[in-house]
Structures are given as structure tokens and as C-alpha cells.
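These notes are about the structure you will find just below.
Side-chain atoms are counted along with the backbone in the values below, which use heavy atoms only and exclude waters and symmetry mates. Residues: numbered from 1 along the sequence shown.
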Amino acid sequence: MTAQAQTKEFQAETRKVLDIVINSLYTERDIFVRELVSNAADALEKFRHVSLTEKPEFDAHVPLEITIDCNDKKHILTITDTGIGMTAAELEANLGTIAHSGSGKFLAELAETAKKDVNLIGKFGVGFYSAFMAAKTVKVQSRSWDGSQGHEWFSDGNGSYTISVCDGLHRGTKIVMELKEDAHDYGQKFTIERIIQQYSTFIPFPVKVEGKKVNTVEAIWTRAKSEIKDEEYTEFYKFVGNAYDEPLYRYHFSADSPLAINALLFVPKDNFESIGLGRMDPGVNLYCRRVLIDQHSKNILPEWLRFLKGVVDSEDLPLNISRQSLQDNALVAKIRKVITKRFIKFMEEEAKNDAEKYQGFWKTFGIFIKEGATSDYEYQAELAKLLRFESSATEAGKMTSLEDYVSRMKEGQKEMYYISGPSRAAVENGPYVEMFKKRNIEIIYTLEPIDDFVLSHLGTFDEKNLLSADRADLRLPENTDKTEQEKADDAGKEKLAEAVQTSLCKWMKEVLGEKVQEVKPSSRLVDSPAMIVSVGGQITSTMERILSSQNHGKHNPMTMGNKKDMEINPASGLIKKVADLRVKDQDFAKELAEQIYDNAMIQAGLLIDPQQMVSRNYRILERIAG
Ligand code: ADP
Ligand code: MG
């Protein structure tokens, strides 16, 4: 330092800012390192920029980097960059005044914000002052890229600062902080490394702590896709996803307008939620120009995409936006929408390109897509295209999309059908699919409990209603291509006379009482004697089963109003016999009617009273055996 140090007062507002910053909560004090390293990176970026046009000669060979020295004995932290530097006038203008302040409102807002979230300080363009959160005194030695004389700015944060000539400097800026007693941590290499890893790993210049480069992973998402090798992607995935293997899919995209977004997303191979590790944290981090804003961000993607790993970077975001304000930031919402839609589209295309690979994805992560389809109305229609189900047209274990189902729909078929069951075999042998088989109409098998919720939530696909086959009001399209043999078979099956059907139904309803709303002759059953159908159509049998099981086996209040009918098959041998017995042996006929009801309930996957059923069943067996 030379003798002619000039002492200057901070601009009044700057003094207040300092006051606020120094006395604000220290919960996130680490962020001062991020602020200073970001400033250093900005300065390097600016130098890179001028050197393109100006071809500076002074210190032209000095490498572009950030160097951090920790003196744990003297408790001094030094951050040096070889960036654009500052002249004396710039030191004064940039560090002594607050350019865009002007009003008391600015200060009031800053004070309010600092109380709530120190993280936000940089938003006000006052990031530099955060150095005083940890430092007693701050020295800024700087020399401009133009080679003019170097200067030192010095302050203890108390109202004034000095600027003096400083010789022997290279291009760039050195910030020397004498740490406060309670901030000695920041004189430790270990602490600084940790903070750099957390916030500044992807700074596009080497950051060296005690001579060792600590930001070894490159921010590859900012590079052109064509220039990035597969191994580089994998390497990056391992870093960002804490992974040891390769990702299943990767999606890298860049957009300039309407928003500047770079996103690099990975689908991992495994779903750790499914192996019982509990609910995952989101795996995508949010950056602004390679500086971390929000780790494991809850805001940048919808919750159901929490299985993704990767980064989203947008230059349009303010660097120092806080977590709370990310939540209701309109820009973040826009970015989220763009990325989510693009990602869904990407998966749709991947599914078309390699259906088998997609099926692997579906097995592992389909549950998240279903979660989205039932919980996130915004993307429901798009997500429907990603859904996969087994159906009567697929082989066991193979799946179809709803789109493919539509492409196979018969002429005259206006609706899409599904039926649930615990397994493919159970569904195929149950009463509900008989007419579908007979009429050769495809029916989707919803074999996972959540599937019924998904399809009933969707309601429609491609403007076609999605209907559960256990609905009472189902009307199947006529079979237009019946063979002569089938027509003959239909004619040959003798049904009960209509009058007998009517009286039998009435009697059965009396026997079953409140258990059913109505007993009706069926136009859908082929072989089975009876089936249970839901009236109202909102809650399918599967949904009722799930809701009941959540309610410890008792009927769930949500399903109480869900009325059921029993349809009986007037061509079934058993039904005909019951009609006969009703006249000859009323009591036994009643037992049979109740047993038929219980059997139909079992086939619908619904609750019955097993004790009562088994006792009755033994009575029936005894009678037959005797
Ligand atoms: P912001 O970065 O938002 O502009 P800061 O308070 O962090 O606000 O910094 C104020 C100004 O000081 C910067 O805009 C920049 O012009 C200057 N500055 C800070 N650090 C450096 C540095 N390491 N090299 C050159 N200029 C710097
Ligand atoms: Mg800054």
C-alpha cells in the first residue's frame, strides 16, 4: 500500500446495505463463497469476451482461472481471479456505491428479505458485500485488463473504505478476507472445497483450492450434443445421479426462445422406491449459468418425475432466487412446463423406436407415470400416451398402448373397455370378458390396483370413452363378423322364457335383499351363471376393493353409495335349475341363489363373509353327496 491512500465514505445506502448484510441471520453464511466465486467467474467471462474483440496484450498469457488460498493459522481466505479486473474508478463505482438502488424502498425490501433468507442478497446486486458476513476486513486488489495501474480497495465494513495504488499486480482481482472469530471455518481448505463442490462445481473455469483443481466435472449440458461423447454423458450421470452404472435413457435439449434452457435429464436403471427405500427426493438440480440455485429441486419438475436425475440450467433465472420464491415464480413454472412436455414427448418417441426397451422402463417406472396421470391434470392427456397395459390382444406379459388399442378398434366400436383382476388368468376366466371374447372386441386388463384409478381418471382417450366392463349400463357393439357356426350356436342355446326370467329375478332380489339393487337377466354373459355389475359407473369393483382394504376390511364410506346389480345368465344350466327348484324346494333354491351371489362377488374381487359362505357351501355339498 502506498502513502496516498484515499479514505472515502460509503454512499449512504451502501452503508445501510452493509449493516443489513452483516447483521442478518447467519443460517446460510456459506453463500458468500458462492457470491465471490460467481463474481470471479463473471469477471473471467467478461475478459474472455473482450479478448475476442480487443486482442489485449497485457498479461495475455495468464491462464483464466480462480485460485483460492486458505490460511488456517492466520484465518485468512483469499480468492483470486485472472478476469477483467477493475480500475480505481471501477473499484469505487462497483464496491462503494449501489448502482441501481436509488430509493428507500429498495433498502426496506432488502432488509425484509435478508431477515428471511440471506440466500437472496445477491438478487439485489449486492453479493459482494456478503463477504462481510464472514470477514472483519476485506481487501480487494485489482488490475484492469487494459494494463493500467493496479489499486487496492480496503474496508472493515464500518462506513468507509480506502483506495490506494497497488503495484506488482497481474490482470484480475484478488480478494483477501480476514475472517471473524466465529467464521474461522472458512480458513479451512476442507470447508471451502465442500462449498465449491456444492455450489460452484460447474463454473466453466478451473477453481483451484491450494493448487488443486476442485471442480473436475464439466458442465457438459452447455455444449452441443454432437460434441459430447457417450462416455462423457455416462461420467456426468454418475456424478449427478450418484450412480455406478449407465442410465437407461438420457435426454439432452437446449432452447433459446422463448426461454433459454439447457436440460440434461437421465432415467436411471433402478427405481429405489420400489425396493422399499422410501420416497425419493427429486434428483434434478437447478442452475443459472452453471451456478447452483436449487439442489434436488422440488420446483423445476412435477413431483411424479422425481425419479429423473440431471440438471436444468436457465440464464433467464435470477441467480439468487430463494427456495420459497422458486415455488411461485412464474418463470420457473414456465420452464417446468416446457421441460415436462418435452420429456413426455421424448419418451413417447423412445417408446416407438424401441418398444421392448420402453417396456423395461414401464415395468420399473410406470408407477410414476400413473401417479402423474392420476394427480397432475396439466399433463394427463400427454401422459395417457405413455401408459401401457396387457389386453386381450396382447400375449401374456406383453403390453399395448392406448393408441394401438384404438388402431385395432372394430368398425362401429366407439368406446374403449377395460376390466380389472388380480391376474391375467383370473380375468380371462371371469364372467366379464365372455361377451368381449365372443364378439371379438379387445379389452384392456388392468392388473395393477392403481390401473382402474388411472383409466377412470382419464375418462377418455382420443375422444373415446374408457369404460370398465363391470358397468351395469355397458352396451357392446354387435358382432358384425359372426361366423355361421356362431349364429347357429346362439340360436341353439335355449334360454328361460321371458316370463320365467322376470319372476326369477324378482325372487332372487327378495332372497338377496339389500345386497343388490336389482337382479336382471344379462345380455352379456355367455357361460357364467351370474356377474356383479356396478351401477353409477364411478367406482369400479377394483377401486371398491382397494378402498375397503384401506379401511381394514370394512366398507369404505366412499363406496357406500356404490350400488351393485347382479346379472344372471338366462341360458345357463345352473340358473335354469334354480328356476325349477324354486318351485320344488324353495329353501335349497335360496341357498343356491346366495351361493351364486357370493361366487359372483368373488369373481368381482369383492368382499364376502367367508364363514357364512363356507358353511353354506358345506350344506350344499352334503345335500348333493347324500
Ligand atoms: P453483481 O455481481 O450482482 O453485479 P456484486 O455486489 O456481486 O453484484 O458485485 C458488484 C460489481 O462489482 C460487479 O457487477 C462487478 O462489476 C464488480 N466486481 C465484483 N467482483 C469482481 C471481480 N472479481 N472482478 C471484477 N469485477 C468485480
Ligand atoms: Mg455478484
Step through the shown structure and confirm whether more than 12 heavy atoms of other residues, nucleotides or ligands are within 6.0 Å of [atom1] on [X].
{"X": "Lys437", "atom1": "NZ", "value": "yes"}
{"X": "Gln586", "atom1": "CD", "value": "yes"}
{"X": "Lys515", "atom1": "NZ", "value": "yes"}
{"X": "Gln612", "atom1": "CD", "value": "no"}

Note: [X]-[Y] ion pair, threshold 4.0 Å (strictly below):
{"X": "Arg424", "Y": "Glu428", "result": "yes"}
{"X": "Lys341", "Y": "Glu382", "result": "yes"}
{"X": "Lys337", "Y": "Glu378", "result": "yes"}
{"X": "Glu232", "Y": "Arg223", "result": "yes"}
{"X": "Asp281", "Y": "Arg306", "result": "no"}
{"X": "Glu273", "Y": "Arg279", "result": "no"}

>> Taking the six-membered ring for Trp, are Phe436 and Tyr417 closer than 6.0 Å centroid to centroid?
In response: yes
Look up atom [atom1] in [X] and atom [atom2] in [Y], then write down how far apart they are to the nearest 0.5 Å.
{"X": "Leu512", "Y": "Glu514", "atom1": "CG", "atom2": "CD", "answer": "11.0 Å"}
{"X": "Leu476", "Y": "Ile441", "atom1": "CG", "atom2": "CD1", "answer": "4.5 Å"}
{"X": "Arg342", "Y": "Leu265", "atom1": "CZ", "atom2": "CG", "answer": "11.5 Å"}
{"X": "Ser615", "Y": "Ile620", "atom1": "OG", "atom2": "CD1", "answer": "11.0 Å"}
{"X": "Leu525", "Y": "Met531", "atom1": "CG", "atom2": "CE", "answer": "4.5 Å"}
{"X": "Tyr287", "Y": "Asn262", "atom1": "OH", "atom2": "CG", "answer": "13.0 Å"}

Under a 3.5 Å distance rule, please check whether [X] uses its side chain to pair with a backbone N or O of [Y] as donor and acceptor.
{"X": "Asn285", "Y": "His296", "answer": "yes"}
{"X": "Ser257", "Y": "Leu259", "answer": "no"}
{"X": "Ser423", "Y": "Ala426", "answer": "yes"}
{"X": "Lys269", "Y": "Glu246", "answer": "yes"}
{"X": "Thr502", "Y": "Glu498", "answer": "yes"}

Please give me the minimum heavy-atom distance between [X] and [Y], naming the atom from each residue.
{"X": "Phe389", "Y": "Thr394", "result": "O-CG2, 4.4 Å"}
{"X": "Pro268", "Y": "Phe365", "result": "O-CE1, 3.2 Å"}
{"X": "Glu415", "Y": "Met409", "result": "O-CE, 3.8 Å"}
{"X": "Asp462", "Y": "Lys464", "result": "O-NZ, 2.9 Å"}
{"X": "Cys505", "Y": "Val519", "result": "CB-O, 3.3 Å"}
{"X": "Ile293", "Y": "Cys288", "result": "CD1-CB, 3.2 Å"}

Is there a side-chain contact between [X] and [Y] in this structure, where contact means two heavy atoms from C-beta onward sitting under 4.5 Å apart?
{"X": "Phe346", "Y": "Tyr249", "answer": "yes"}
{"X": "Ile300", "Y": "Ile335", "answer": "yes"}
{"X": "Lys370", "Y": "Leu387", "answer": "yes"}
{"X": "Tyr251", "Y": "Glu350", "answer": "no"}
{"X": "Asn440", "Y": "Lys410", "answer": "yes"}
{"X": "Asp598", "Y": "Asp609", "answer": "no"}
{"X": "Leu466", "Y": "Thr460", "answer": "no"}
{"X": "Arg388", "Y": "Ile369", "answer": "no"}

> What's the verdict on side-chain contact (heavy atoms from CB on, under 4.5 Å) for Leu504 and Val578, showing C-alpha distance, side-chain angles and the deciding distance?
Replying inline: CA-CA 9 Å; Leu504 178 65; Val578 174; 4.3 Å; yes
> Tell me, which pairs form a salt bridge (Lys or Arg N to Asp or Glu O under 4.0 Å) where one or both residues lie in residues 247-267, sequence neighbours left out?
Replying inline: Asp230-Arg250
> Run the side-chain contact (heavy atoms from CB on, under 4.5 Å) check on Leu467 and Leu455 step by step: do they pass?
Replying inline: CA-CA 8 Å; Leu467 301 180; Leu455 292 181; over 6 Å; no
> Partners of Asp585 by side-chain hydrogen bond (donor to acceptor under 3.5 Å, both in side chains), sequence neighbours excluded?
Replying inline: Arg623
> Partners of Glu348 by side-chain hydrogen bond (donor to acceptor under 3.5 Å, both in side chains), sequence neighbours excluded?
Replying inline: none
How about [X] and [Y]: does a side-chain donor come under 3.5 Å of a side-chain acceptor?
{"X": "Ser297", "Y": "Asp294", "value": "yes"}
{"X": "Tyr233", "Y": "His252", "value": "yes"}
{"X": "Ser391", "Y": "Glu442", "value": "yes"}
{"X": "Ser523", "Y": "Arg475", "value": "no"}
{"X": "Glu390", "Y": "Thr400", "value": "no"}
{"X": "Asn599", "Y": "Gln603", "value": "no"}
{"X": "Ser522", "Y": "Asn569", "value": "no"}

> Would Gln501 and Ile575 satisfy side-chain contact (heavy atoms from CB on, under 4.5 Å), going step by step from the backbone distance to the final call?
Replying inline: CA-CA 10 Å; Gln501 286 183 28; Ile575 294 297; over 6 Å; no
> Which is it for Glu303 and Lys298 under the salt bridge (charged side-chain N to carboxylate O under 4.0 Å, His left out) test, yes or no, and what are the steps along the way?
Replying inline: CA-CA 7 Å; Glu303 228 184 320; Lys298 287 198 163 68; over 6 Å; no
> Looking at residues at least two apart in the chain, or sitting in another chain, which of them share a side-chain contact (heavy atoms from CB on, under 4.5 Å) with Asp270?
Replying inline: Asp245, Phe272
> Step by step, would you call Lys238 with Lys309 a side-chain contact (heavy atoms from CB on, under 4.5 Å)?
Replying inline: CA-CA 10 Å; Lys238 286 179 183 167; Lys309 309 285 180 196; over 6 Å; no
> Tell me, which pairs form a side chain to side chain donor-acceptor pair (under 3.5 Å) where one or both residues lie in residues 356-369, sequence neighbours left out?
Replying inline: none
> Between Trp304 and Tyr379, how do the two ring planes meet: parallel, tilted or perpendicular, split at 30° and 60°?
Replying inline: perpendicular
> Can you list the residues that meet the ring pair (Phe, Tyr, Trp, His ring centres under 6.0 Å) rule with Phe236, with sequence neighbours excluded?
Replying inline: Phe202, Trp221
